[in-house]
There are 2 protein chains.
Amino acid sequence: MSQEEVILPLGDFADLDRGGPIPLYFQLAQKIESAIKDGRLAPGSRLENEIALGNRLSLSRPTVRRAIQELVDKGLLVRRRGVGTQVVHGQIHRKVELTSLHEDLSNGGKAPSTKVLEIKRSNADQKIAGHLNVKVGSPVLMIKRLRFADNVPVAILENWLPEDFVDLADENLASHGLYQLLKARGVSIKVAQQNIGARKSNTAESEMLNVEKGSALLTMERTAFDATGKAVEWGHHCYRPDLYSFEVTLVEK
Amino acid sequence: MSQEEVILPLGDFADLDRGGPIPLYFQLAQKIESAIKDGRLAPGSRLENEIALGNRLSLSRPTVRRAIQELVDKGLLVRRRGVGTQVVHGQIHRKVELTSLHEDLSNGGKAPSTKVLEIKRSNADQKIAGHLNVKVGSPVLMIKRLRFADNVPVAILENWLPEDFVDLADENLASHGLYQLLKARGVSIKVAQQNIGARKSNTAESEMLNVEKGSALLTMERTAFDATGKAVEWGHHCYRPDLYSFEVTLVEK
DNA sequence: GAGTGGTCTAGACCACGCA
DNA sequence: GCGTGGTCTAGACCACTCC
């Protein structure tokens, strides 16, 4: 048996909420995803084809396709023309998302907390102005924070925000993530460009992160853009690599 | 003028190759992308709406939507219901792709070369078997390479491949990337899960990478899957952080 | 040749943001 | 109220893979 056996996702895909606010393709994608995660769809098994699945659920083919495409984009499924759709082998990691460190830690079962080290209103120098796409000299807010997970220092976060946010209240920063605060002001991050690297820690960093001087740090630089495409945040962070790493899932298009 | 001006992508979008093998949505996406990159579509400017664009090019709306969605996924455009589609501010980095280090260096204008340090056929221990999703004791191939860019050592690469590839010829590895060799055998990587971290270098690594002992290294662990969802490669790499870093673009869905 | 996913059309209705 | 993107339908033809 060189061919993987064909397993059909049976039964309970029929209960779709057609009137509700949740898109049908999304509901279907969730159902298939949970079937994969709890083993009802085994790694390597083939899915029912798009048309049959659509007929069975009374969905049009584009809707079924879109549901499947979501999972292909997440790296859970693989499709081949003329062959079919299969579940990817190997245990599935959590998907890549645009999250802040604050959320990452919460989701990981750690209790995040934050100490605001510095918060300063100033004017953009050339570097900051370039990253935020604002004029040199325009007002910006600099925030420097130390992030803890279960009371252990994990990361030093330095962020700059443009003019619109220079009045961000520092007391909120201690209890909420930066992205949470921005969201509360109606700003949601849509796109972020990150660059991940490494370097040695200096004296100050070593003390703050409670590591030896000269130990390796994981670093990240990021520019984040809102729904209008404007840069709303630029920052560089450094992390204790024994406590934090970046997970990425890549999908060939 | 609080509102960004509306700029329409003019003229030269009309020359679509309808009979050819390149999908229409892809051709349109490329045209829009190049218009963004060379400045004909300014950052922050609004695109023509989907329907008008479709009419003008004699394309159906789903086709136009798909072209735009490609660019949204790449982080070049941002869409808002009820408002429109806008170009993201800020200079555009290259998109994230599933590439090997070999290609990365080539694309970056560096000349990649490789020294094969070790190549060994053995049997999977528990760790390797787990990563590759094969039985403990099944044949695997271990490859250890040193990768140079312009004759400067950049990375140490250690990879394990399952049974099907234990006969990979080592002479090819010196001149080609691993993914190139796999592709030549009809295996294309579709999904990869990576974990990026940092740590200090040990003595052997320091000598090979020509850095001080105990300096910071950027590390990456990866499992790669082919079109059938099978794991075809697991490896851990370490990079000189002054010569290499990871770029990632994240898009909120 | 049969079966699969890949692309494309031409409509429809809805939800949201804004004036 | 109007214009936008978001979702959905019901078809069609094609390209590729496998037998």
Side-chain angles (χ1 to χ4, degrees), chain A residues 1-4 6 8 16-30 45-73 77-87 186-188 190 226-229 252-253, chain B residues 1-4 6 8 16-29 45-55 57-73 77-87 186-188 190 226-229 252-253:
Chain A
M1 189 185 75
S2 65
Q3 184 69 339
E4 302 281 351
V6 179
L8 303 181
L16 295 170
D17 174 16
R18 297 189 100 90
I22 302 162
L24 293 171
Y25 76 86
F26 191 83
Q27 294 181 47
L28 178 55
Q30 279 192 320
S45 62
R46 285 227 316 261
L47 255 67
E48 219 177 336
N49 77 59
E50 297 172 345
I51 303 191
L53 194 52
N55 287 340
R56 205 156 57 72
L57 304 179
S58 301
L59 290 173
S60 70
R61 190 182 163 204
T63 303
V64 174
R65 265 187 81 72
R66 176 148 186 198
I68 292 174
Q69 191 59 46
E70 295 272 313
L71 301 180
V72 171
D73 290 341
L77 295 176
V78 165
R79 284 203 277 201
R80 281 182 296 166
R81 191 194 313 221
V83 178
T85 306
Q86 285 176 286
V87 179
V187 176
S188 68
K190 287 290 183 197
D226 69 5
T228 76
E252 181 71 38
K253 298 219 164 175
Chain B
M1 188 185 77
S2 67
Q3 184 70 337
E4 302 281 354
V6 179
L8 302 180
L16 295 169
D17 174 17
R18 298 189 98 90
I22 302 162
L24 293 172
Y25 76 86
F26 191 82
Q27 294 182 47
L28 178 55
S45 62
R46 285 227 315 261
L47 254 68
E48 219 177 335
N49 77 58
E50 298 173 342
I51 302 190
L53 194 52
N55 287 341
L57 304 179
S58 300
L59 290 173
S60 69
R61 189 180 164 205
T63 302
V64 175
R65 264 186 81 72
R66 177 150 185 195
I68 293 175
Q69 190 59 47
E70 295 271 314
L71 301 181
V72 171
D73 290 342
L77 296 177
V78 166
R79 285 203 277 201
R80 282 182 296 165
R81 191 195 307 223
V83 178
T85 305
Q86 284 175 285
V87 180
V187 177
S188 69
K190 288 289 182 193
D226 70 5
T228 76
E252 182 70 39
K253 297 220 167 176

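First the proteins, then the strands, lettered A, B, ... as listed; each starts at 1.
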Requested in this report: Report the distance from atom CD of A:Gln86 to atom P of D:dT17, rounded to the nearest whole Å.
Outcome: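 The answer, rounded to whole Å, is 14 Å.
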
Report summary line: Protein-proximity profile, nucleotides 3-10 of chain C, B/S/- by nucleotide at the 4.0 Å heavy-atom cutoff, equals BBBBBSBB

Requested in this report: Hey, could you give me the CD1/CG distance between A:Ile68 and A:Leu77, rounded to the nearest 0.5 Å?
Outcome: 7.0 Å

Requested in this report: Give, for atom CG of A:Leu59 and atom CZ of A:Arg66, the distance between the pair rounded to the nearest 0.5 Å.
Outcome: 13.0 Å

Query raised in the report: Which atom names give the shortest non-hydrogen contact between A:Ala227 and B:Gln86, and what distance separates them?
Result: O-OE1, 4.3 Å

**Report entry** Validation row: B:Thr85, B:Asn49 side chains within 4.5 angstrom (heavy atoms)
**Finding:** no

Report task. Report yes if some heavy atom in the side chain of A:Arg79 is under 4.5 Å from a heavy atom in the side chain of A:Arg65; otherwise report no. Result ->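 When only atoms from C-beta onward are counted, A:Arg65 and A:Arg79 do touch, with a gap below 4.5 Å.
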
